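For reference, the structure is listed below as structure tokens.
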Amino acid sequence: MRLIQLARHGERRLGAVEGGRVRLLADCASVVSLAEAAHAAGASLSRLAQRLLSNELLNYDEIYDGLSAWRILPAADHPSEPARCIVSGTGLTHSSSAKSRNAMHASAEELSDSMRVYRWGLEAGRPAEGEIGASPEWFYKGTGTNLRGHLDPLDIPAFAEDGGEEAEIAGVYWIDPSGVPRRLGMAQGNEFSDHRFEQRNYLYLAASKLRSCAIGPELVLDPQFSTVAGRVSIERAGAVLWCREIRSGEEAMCHSLANLEHHHFKFPQHRRPGDVHVHFYGADALSFADQVHLQDGDTMSVAFEGFGRPLRNRVRATSDAVQLVRAVPM
């Protein structure tokens, strides 16, 4: 089952995708409210969603193309408290991105710290059942205020040096009242970053990740994640400027999903009841690695097989001057 979050004139609804239609769920405005109700009823997310399907149908084609009063929200969020949605990710999980990062920061004669971390994943990122493997790279992208949906622009702020797509699959999690992380599903995403700033020095990675990002348009409740084929492309002035066939899923990664989840949720602050987590699993290809620099108005498209319609977002670069931000004493 694939769910989609929608909004119209301040009203929120949750729906299930049925080909060219969206069937709305009764008395359910978000993925989080569905998760809360499912947990209280002792039911699975998909079973409760099936039970709540209504007779209200919407034209998905019109909504997807931006021709409806309904707009597509991020595939999951925390609707009442965006700050309680933690957006994070794991890098260096795919060989192509590790090689790209290595090329950014290593001379021809040496191995970068990035490649060393990737090799640790190759050696010990897939532990046996019940054991703990090597720790992956981890980064913080912000809170739900940085999350965007299908057709929303992704911003290159005035202080940034660049903005570049990162086509990934993201896991969506909800922490139940007992503090247990519950994986609600997965969605395709664009983990947008400032690669030119990161290239200056790998210690700038943390700041380069604090940018808007997008997931959606659909949340897949029970996805096949062993191997997932996909495609990422950049369009400029109506023509394809760059595209790559990509692959994700556990077989394409140096870490198992269980190992990534352990190392994210081992921190007690990541198991606060009621919080939502959106965690990106890593990219397979970057246009930046091919010397493509995105411009205002470019359109990024991310599509993974089995994850619904492509996620499309426009690049929006601000022309404002950088403003000095002062902390004012009280």
Side-chain angles (χ1 to χ4, degrees), residues 4-7 12 30-31 66 71-79 81-91 97 138-173 186-199 204-219 232-236 275-283 286-288 292-304 310-323 325:
I4 186 167
Q5 297 196 131
L6 303 171
R12 286 183 60 125
S30 68
V31 169
R71 69 181 185 90
I72 299 175
L73 298 171
D77 60 0
H78 197 300
E81 297 180 81
R84 296 196 63 183
C85 176
I86 309 302
V87 187
S88 57
T90 300
S97 59
W138 183 94
F139 57 83
Y140 173 68
K141 280 199 69 69
T143 66
T145 57
N146 281 352
L147 267 184
R148 304 290 183 268
H150 171 69
L151 296 184
D152 290 339
L154 296 183
D155 294 320
I156 302 178
F159 59 78
E161 296 188 18
D162 193 17
E165 91 299 330
E166 295 205 21
E168 308 186 21
I169 293 174
V172 174
Y173 302 85
M186 297 181 187
Q188 52 201 1
N190 187 341
E191 192 268 291
F192 197 64
S193 301
D194 187 342
H195 301 114
R196 188 176 290 180
F197 183 58
E198 177 199 343
Q199 189 177 42
Y204 283 157
L205 173 78
S208 77
K209 294 294 187 181
L210 293 173
R211 302 291 186 271
S212 57
C213 59
I215 58 169
E218 304 164 27
L219 179 70
V232 54
S233 63
I234 307 297
E235 299 167 22
R236 180 172 295 169
D275 282 359
V276 173
H277 290 253
V278 173
H279 190 77
F280 288 91
Y281 297 142
L286 311 175
S287 64
F288 182 81
V292 175
H293 296 283
L294 304 192
Q295 301 176 4
D296 181 73
D298 289 350
T299 296
M300 304 163 286
S301 179
V302 177
F304 284 99
L311 169 66
R312 293 174 60 83
N313 300 93
R314 177 174 55 85
V315 176
R316 183 172 64 184
T318 178
S319 58
D320 299 336
V322 177
Q323 299 292 320
V325 178

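Positions are given from 1, in the same order as the sequence printed here. Keep in mind it's a predicted model, so treat the numbers as computed, not measured.
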With distance as the sole criterion, is a donor-acceptor pair present between the side chains of His195 and Ser208 under 3.5 Å? no

Going by heavy atoms in the side chains, are Cys85 and Leu147 under 4.5 Å from each other? yes

Is there a donor-acceptor contact under 3.5 Å linking the side chains of Ser287 and Glu165? yes

Counterpart residues, side-chain contact (heavy atoms from CB on, under 4.5 Å), relative to Ala303 (two or more places apart): Pro310

How long is the span from the CD atom in Glu161 to the OH atom in Tyr204, to the nearest 0.5 Å? 8.5 Å

Glu166 versus Glu168, closest heavy-atom pair with distance: OE1-OE2, 3.1 Å

Pair Asp77, Gln5: side-chain N/O donor-acceptor within cut-off below 3.5 Å: yes

Tell me, with the steps shown, if Phe280 and Ile215 meet side chain to side chain contact (heavy atoms under 4.5 Å, CB included). CA-CA 10 Å; Phe280 288 91; Ile215 58 169; 3.8 Å; yes

Test Asp162 against every option in His293, Gln199, Glu198 by the side-chain contact (heavy atoms from CB on, under 4.5 Å) rule and name the one that passes. His293

Between Ser301 and Val232, is the side chain to side chain contact (heavy atoms under 4.5 Å, CB included) condition met? List the steps. CA-CA 6 Å; Ser301 179; Val232 54; over 6 Å; no

State the CD1-CG distance between Ile72 and Leu151, to the nearest 0.5 angstrom. 6.5 Å

Would you please name every residue forming a salt bridge (Lys or Arg N to Asp or Glu O under 4.0 Å) with Glu191, sequence neighbours left out? Lys141, Lys209

Can you sort out the partners of Arg314 under salt bridge (Lys or Arg N to Asp or Glu O under 4.0 Å), two or more places apart, ordered by chain and number? none

Checking Arg211 against Asp194 for the salt bridge (Lys or Arg N to Asp or Glu O under 4.0 Å) test, could you report, in this order, the C-alpha distance in whole Å, the side-chain angles of both residues, the deciding distance, and whether it holds? CA-CA 8 Å; Arg211 302 291 186 271; Asp194 187 342; 3.1 Å; yes

Are the side chain of Asp296 and the backbone N or O of Ala317 linked by a donor-acceptor pair below 3.5 Å? yes

Could you check whether any side-chain N or O of Asn313 sits under 3.5 Å from a backbone N or O of Pro153, counting only pairs where one atom can act as donor and the other as acceptor? no

Would you sort out whether His277 and Tyr173 count as a ring-ring contact (aromatic ring centres under 6.0 Å, His included), showing the intermediate values? CA-CA 5 Å; His277 290 253; Tyr173 302 85; 7.5 Å; no

Which of Ile156, Thr299, Leu154 passes side-chain contact (heavy atoms from CB on, under 4.5 Å) with Val315? It is Ile156

If you take all heavy atoms of Asp155 and Ser212, which pair is closest and at what distance? N-OG, 3.1 Å

Once you round to the nearest 0.5 Å, how far does CG of Leu210 lie from CZ of Phe159? 8.0 Å

Using a 3.5 Å distance criterion without hydrogens, assess whether the side chain of Asn190 forms a donor-acceptor pair with backbone atoms of Cys213. no

Classify the side-chain pair Arg71/His150 by whether it contains a donor and acceptor separated by less than 3.5 Å. no

